[in-house]
Structures are given as C-alpha cells and as structure tokens.
Amino acid sequence: MTQQLVFFNSRDILIRLDISKIVYFEGDGNYTYIVAANKLKFCVTMNLAHTEEALAGQLGDRAKLFMRIGKRFIVNMKFISQIDISKQRLTLSDYSLFVYQLQISKDALKAVKELVLQTKM
C-alpha cells in the first residue's frame with residue numbers, strides 16, 4: 001500500500017505526515033496536537049474542527065479512517081485496541097511500539113464501541 005500524505009500548513013511551518021502513522025489528534029483551544037506512531041508530537045495552529053475539515057478536504061473518503069470523539073479528540077480507528085467504558089478509557093496501540101490511553105466520557109465511548117462493531121475497523 002502506498003503512503004497517503006496529509007499536509008498542515010501555517011505561516012511558519014509545514015507538517016507532512018503519512019496518515020497511517022497518525023495515532024490521534026488532540027484539540028486544545030486554537031491548537032491541535034498531532035501524535036504520531038513514533039511518539040513525535042506536532043502542534044498546529046488550528047482548532048480541532050478545522051483539523052477535521054482539513055482531513056476531509058485532503059483525504060476525501062479515506063478520512064473515514066479517523067473518528068471524532070467528543071470535543072477533544074480525533075483518533076485513527078485502526079489503532080483502537082481497547083474501549084473501557086467503566087473506566088472511561090480508550091487505549092490506542094500498535095501492539096509493539098506504543099500505547100496511549102485517553103480519558104473519554106462514557107457516552108462518547110459507547111458511541112465509539114458501536115461504530116467499531118459496525119465497521120469492523
């Protein structure tokens with residue numbers, strides 16, 4: 001499979017990333033942090049809604065690989081390894097190099113679980 005790149009461009013910085021290496025995006029006001037599989041963390045000066053629009057605009061149908069969860073996160077669905085509703089925790093992992101645990105509301109996790117079961121992704 002060939003890599004598909006996504007670009008984030010601001011006044012002073014250009015970030016070019018292979019979408020298969022993006023684990024999740026975390027919104028923080030007017031900034032979005034992009035966390036990659038190699039544990040690098042990038043910061044772009046756009047809110048999470050604009051990040052979501054940029055993904056849809058650049059990736060088209062492939063943007064479905066990413067799921068918006070609540071107000072703070074967009075995650076790469078292929079890295080979802082555990083959904084623990086009672087502990088309000090979503091675990092993202094590639095089963096070898098990294099594990100990230102995100103605190104997410106029970107309602108949002110229930111929706112994530114349903115979507116994962118429906119799409120089998």
Side-chain angles (χ1 to χ4, degrees):
M1 185 171 112
T2 61
Q3 69 178 5
Q4 183 163 0
L5 300 175
V6 64
F7 296 85
F8 295 97
N9 188 19
S10 68
R11 191 185 70 161
D12 297 326
I13 192 167
L14 172 68
I15 300 171
R16 185 185 84 134
L17 295 165
D18 179 350
I19 63 167
S20 69
K21 306 287 191 254
I22 298 171
V23 181
Y24 70 94
F25 299 84
E26 182 173 2
D28 185 10
N30 291 326
Y31 298 94
T32 297
Y33 295 95
I34 306 166
V35 179
N38 61 2
K39 298 185 181 175
L40 282 178
K41 195 172 194 178
F42 304 92
C43 181
V44 293
T45 52
M46 65 173 65
N47 65 29
L48 203 59
H50 286 114
T51 302
E52 195 172 23
E53 289 169 11
L55 287 171
Q58 292 183 52
L59 300 177
D61 208 38
R62 300 268 340 255
K64 291 179 183 172
L65 178 67
F66 296 95
M67 170 195 278
R68 175 79 182 252
I69 302 176
K71 294 178 182 176
R72 288 190 51 207
F73 298 105
I74 298 172
V75 302
N76 186 330
M77 290 180 60
K78 78 175 192 169
F79 292 120
I80 294 175
S81 61
Q82 183 180 22
I83 300 168
D84 188 332
I85 294 170
S86 65
K87 291 184 180 174
Q88 296 182 293
R89 188 176 321 150
L90 179 68
T91 303
L92 304 170
S93 179
D94 70 347
Y95 302 101
S96 65
L97 299 176
F98 68 85
V99 174
Y100 295 105
Q101 293 188 328
L102 308 178
Q103 287 297 121
I104 297 176
S105 74
K106 287 182 181 183
D107 288 340
L109 284 177
K110 286 176 185 174
V112 171
K113 181 179 175 185
E114 287 304 312
L115 188 62
V116 169
L117 288 171
Q118 286 173 9
T119 60
K120 301 281 193 246
M121 186 179 260

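In what follows, every heavy atom counts, from backbone to side chain, and hydrogens, waters and symmetry copies are set aside.
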Could you go step by step and tell me if L102 and V75 meet the side-chain contact (heavy atoms from CB on, under 4.5 Å) rule? CA-CA 10 Å; L102 308 178; V75 302; 4.0 Å; yes

List the steps and the verdict of side-chain contact (heavy atoms from CB on, under 4.5 Å) for K110 and I85. CA-CA 7 Å; K110 286 176 185 174; I85 294 170; 3.7 Å; yes

Any chance you could lay out the side-chain contact (heavy atoms from CB on, under 4.5 Å) test for I22 and V6, step after step, and finish with the verdict? CA-CA 10 Å; I22 298 171; V6 64; 3.8 Å; yes

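Counted by atom type alone, T32 and T51 present one or more donor-acceptor pairs between their side chains at under 3.5 Å. D18 and S20 share a side-chain donor-acceptor pair at under 3.5 Å.
Between F25 and F73, the distance separating the two ring centers is not shorter than 6.0 angstrom.
Here the closest heavy-atom approach between residue S93 and residue V99 is recorded as OG-CG2, 3.5 Å. In plain terms, the two heavy atoms of R16 and L5 that are nearest each other are NH1-CD1, 3.5 Å. The two residues M77 and V116 make their nearest non-hydrogen contact at CE-CG2, 4.4 Å.
Both L97 and F79 are part of a single hydrophobic cluster, where members link through side-chain heavy atoms under 4.5 Å apart. A continuous path of Ile, Leu, Val, Met, Phe, Trp and Tyr side chains, each step under 4.5 Å between heavy atoms, connects L17 with L40, placing both in one hydrophobic cluster. The cluster map of Ile, Leu, Val, Met, Phe, Trp and Tyr, joined by side-chain heavy atoms under 4.5 Å apart, puts M46 and I15 in the same cluster. L117 and L115 fall into different hydrophobic clusters, where Ile, Leu, Val, Met, Phe, Trp and Tyr side chains are chained together by heavy-atom contacts under 4.5 Å. There is a path of hydrophobic side-chain contacts, each under 4.5 Å, that joins M67 to Y100.
Remark: K39 fails to qualify as a cation-pi partner of F98 under the 6.0 Å distance and 45° angle criteria applied to the six-membered ring.
Taking CD1 of I69 as the reference point, atom CD1 of I74 lies at 9.5 Å (rounded to 0.5 Å). We find the OH-CG distance between Y24 and L90 to be 10.5 Å, quoted to the nearest 0.5 Å. H50 NE2 to T45 OG1: the interatomic distance, rounded to the nearest 0.5 Å, is 11.0 Å. Taken to the nearest 0.5 Å, the OG1 atom of T119 stands 11.0 Å off from the CD atom of E114. For the atom pair CD1 (I19) and CG (N76), the distance works out to 7.5 Å, reported to the nearest 0.5 Å. Note that CD of Q4 and CD of Q58 are 9.0 Å apart. Values are rounded to the nearest 0.5 Å.
Distance alone, capped at 3.5 Å, places no donor-acceptor pair between the R89 side chain and the T91 backbone. Side chain of D28 to backbone of Y31: no donor-acceptor contact under 3.5 angstrom is found.
Side chains of F66 and L59 form a contact here, defined as non-hydrogen atoms less than 4.5 Å apart. The side-chain heavy atoms of L14 and F7, taken from C-beta on, include a pair separated by under 4.5 Å.
Partner of E52 under the salt bridge (charged side-chain N to carboxylate O under 4.0 Å, His left out) criterion, chosen from R68, K71, K64: R68.
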